[in-house]
Amino acid sequence: MSHYEGGLNAAEGARFAIIASRWNARIADTLVAGARASLAGNGVADDAVDVVRVPGAWEIPVAAAKLAASGRYAAIVALGCVIRGDTRHYEHVADGCAEGLMRVALDFGVPVLNGVLAVEDVEDAEKRAGGSHGNKGEEAALAAIEMASLLEQLP
């Protein structure tokens with residue numbers, strides 16, 4: 001019986017992409033900083049990380065598809081923040097983004113980590129962007145390294 005498990009050591013020459021929304025920029029910027037710190041703290045050189053900024057969470061999947069299709073990246077980290085409002089727009093954006101990211105991962109075989117927060121209010125976002133719930137950007141970046149490592153091992 002074989003056992004496969006990813007580690008937190010990026011393969012030599014592995015490149016990572018971070019795609020981040022400019023909408024709710026204060027939260028997104030904190031998530032990006034956390035992701036970059038996690039990558040750097042686990043041996044990923046700064047010049048092996050590309051950061052792509054898009055207008056909002058809705059636009060993240062199409063950018064992810066373009067990057068995944070390039071074959072240049074071991075994993076892609078998607079970051080942003082969608083805050084519930086008074087209309088159903090929140091559900092459309094958050095659900096559409098998540099579904100699009102999963103589709104990119106499955107279609108291209110590249111790990112696409114969903115660090116796009118879908119929260120009730122700004123306070124919830126702050127808790128998940130460096131507050132009492134940690135930094136979800138850091139967590140997504142760690143998962144990106146681990147998944148890239150795992151995929152290198154799988155037959």
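Small disclaimer: the values here were computed from a predicted structure and weren't measured.
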Asker: Spell out, yes or no, whether Phe16 and Leu101 are grouped together once hydrophobic residues are joined by side-chain heavy atoms under 4.5 Å, including indirect joins.
Answerer: no
Asker: Testing the basics here: between Ile83 and Glu120, what is the closest heavy-atom pair and its distance to 0.1 Å?
Answerer: CG2-O, 3.8 Å
Asker: Specify the closest pair of heavy atoms between Asn135 and Ala129, including all atoms of both residues, with the distance to one decimal.
Answerer: ND2-C, 4.2 Å
Asker: May I ask you to decide whether Asp124 forms a salt bridge with Arg84, counting only side-chain N to carboxylate O separations under 4.0 Å?
Answerer: no
Asker: Just wondering, do Asn9 and Asn42 contact through their side chains at under 4.5 Å, heavy atoms?
Answerer: no
Asker: Contact between Ser21 and Pro55 at the side-chain level, heavy atoms closer than 4.5 Å - yes or no?
Answerer: no
Asker: Can you hop from Leu67 to Val112 via hydrophobic side chains spaced under 4.5 Å?
Answerer: yes
Asker: Please confirm whether the backbone N or O of Asp47 pairs with a side-chain atom of Arg15, one donor and one acceptor, at under 3.5 Å?
Answerer: yes
Asker: By the definition side-chain contact (heavy atoms from CB on, under 4.5 Å), identify the one residue from Val54, Val62, Val77, Val32 that meets it with Ile19.
Answerer: Val54
Asker: Checking side-chain contact (heavy atoms from CB on, under 4.5 Å) between Val116 and each of Leu31, Val82, Leu79, which is the one that passes?
Answerer: Val82
Asker: Report the distance from atom CD of Glu59 to atom CZ of Arg22, rounding to the nearest 0.5 Å.
Answerer: 8.5 Å
Asker: Quick one: side chain to side chain contact (heavy atoms under 4.5 Å, CB included) partners of Asp107, sequence neighbours excluded?
Answerer: Arg103
Asker: Provide the closest heavy-atom pair for Trp23 versus Cys81 in the form atom of the first, atom of the second, distance.
Answerer: CD1-O, 4.3 Å
Asker: Please check: side-chain N/O of Asp46 versus main-chain N/O of Ala40, any donor-acceptor pairing under 3.5 Å?
Answerer: no
Asker: Taking Ile27 as the starting point, is it possible to reach Ile60 by hopping between hydrophobic residues whose side chains are less than 4.5 Å apart?
Answerer: no
Asker: Does any part of the side chain of Arg128, heavy atoms only, come nearer than 4.5 Å to the side chain of Val119, both counted from C-beta?
Answerer: yes
Asker: Are Tyr90 and Val93 connected, step by step, through hydrophobic side chains (Ile, Leu, Val, Met, Phe, Trp, Tyr) whose heavy atoms are closer than 4.5 Å?
Answerer: yes
Asker: Taking all non-hydrogen atoms of both residues into account, name the closest pair between Ala10 and Ala14 and its distance.
Answerer: CB-CB, 4.4 Å
Asker: Might you confirm whether atom NE2 of His89 has over 12 heavy atoms from other residues, nucleotides or ligands at distances under 6.0 Å?
Answerer: no
Asker: Mark yes or no for whether Ser38, through its side chain, and Glu138, through its backbone, hold a donor-acceptor pair below 3.5 Å.
Answerer: yes
Asker: Do any N or O atoms from the side chain of Asp50 and from the backbone of Ala17 form a donor-acceptor pair under 3.5 angstrom?
Answerer: no
Asker: If you look only at distance, which donor and acceptor atoms sit under 3.5 Å apart when one is on a side chain in residues 141-155 and the other is two or more places apart or in another chain?
Answerer:
residue, atom, partner, partner atom, Å
Ser149, OG, Gly7, N, 2.9
Gln153, NE2, Glu5, O, 2.9

Asker: Taking NZ, NE, NH1 and NH2 as the nitrogens, is one of them in Arg53 or Asp29 under 4.0 Å from a carboxylate oxygen of the other?
Answerer: yes
Asker: Which pair of non-hydrogen atoms, one from Ala64 and one from Ile76, has the smallest distance, and what is that distance?
Answerer: O-CD1, 3.6 Å
Asker: Can you check whether Val52 reaches Ile18 side chain to side chain, under 4.5 Å on heavy atoms?
Answerer: no
Asker: Taking all atoms of both residues into account, what is the closest heavy-atom pair of Gly115 and Ala140, and its distance?
Answerer: CA-CB, 4.3 Å
Asker: Linking I/L/V/M/F/W/Y whenever any side-chain heavy atoms sit under 4.5 Å apart, do Leu117 and Val51 land together?
Answerer: yes
